[in-house]
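Below: the structure, in structure tokens.
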Amino acid sequence: MTFYAKSLMVAAMFALTACNTAPKHDAAAQPVDAENDRCGASQYQNYVGKPLSSLDTVKFANPVRAIPHNSAVTMDFNLNRLNFMGDASGKISSVYCG
């Protein structure tokens, strides 16, 4: 394969992954799986809808990532890390382990 063909394939792969959407998490409708909730994300679902800045004064026992909208993050997966995903308006849109 030529360099351009490989580049085109990589670009197509990124375009397809951009179309992938995360499932909506509804803590009330789904039972908590202890193995997938090692970071305790189920305890912080009440933060959804609050500003990301509301995390500034909270102390956490586990590692935490506050992820602003459209920011780059590492793709390493750590079930002990608590993630707060922000939306375009700066509010928390989801809380999950990973």
Side-chain angles (χ1 to χ4, degrees):
M1 282 184 136
T2 67
F3 173 76
Y4 295 109
K6 288 179 185 177
S7 298
L8 184 59
M9 284 181 39
V10 169
M13 182 181 68
F14 282 124
L16 289 174
T17 58
C19 296
N20 189 11
T21 58
K24 300 253 183 216
H25 297 288
D26 186 4
Q30 298 177 4
V32 175
D33 179 12
E35 180 62 24
N36 289 328
D37 192 40
R38 289 186 358 203
C39 72
S42 62
Q43 301 171 25
Y44 295 99
Q45 295 303 313
N46 59 326
Y47 278 83
V48 173
K50 293 182 180 181
L52 271 173
S53 61
S54 66
L55 302 173
D56 293 344
T57 59
V58 182
K59 299 216 186 270
F60 297 96
N62 292 335
V64 175
R65 252 191 329 194
I67 308 168
H69 181 69
N70 280 342
S71 66
V73 294
T74 60
M75 296 303 293
D76 61 321
F77 189 73
N78 179 355
L79 278 176
N80 294 318
R81 180 176 49 216
L82 185 60
N83 293 284
F84 292 89
M85 179 66 73
D87 63 12
S89 65
K91 296 188 190 284
I92 297 170
S93 60
S94 64
V95 181
Y96 61 95
C97 299

Test: side-chain hydrogen bond (donor to acceptor under 3.5 Å, both in side chains). Region: residues 60-69. Which pairs qualify, not counting sequence neighbours?
R65-T74, R65-N83
Taking the side chain from R81 and the backbone from V64, do they hold a donor-acceptor pair closer than 3.5 Å?
no
May I ask whether F60 and V95 are part of the same hydrophobic cluster, defined by side-chain heavy atoms of I, L, V, M, F, W, Y residues being less than 4.5 angstrom apart, directly or through others?
yes
Give the cluster check for F77 versus V73: same hydrophobic cluster or not, with ILVMFWY residues linked at side-chain heavy-atom distances below 4.5 Å.
no
Atom CD1 in I67, atom OG in S93: separation rounded to 0.5 Å?
9.0 Å
Distance-only check: which donor-acceptor pairs under 3.5 Å involve side-chain atoms of residues 47-54, not counting sequence neighbours?
| residue | atom | partner | partner atom | Å |
| --- | --- | --- | --- | --- |
| S54 | OG | P51 | O | 2.6 |

Kindly write out the residues that satisfy side chain to side chain donor-acceptor pair (under 3.5 Å) with D87, not counting sequence neighbours, or none if the list is empty.
S89
Are any non-hydrogen side-chain atoms of D37 and C97 less than 4.5 angstrom apart?
yes
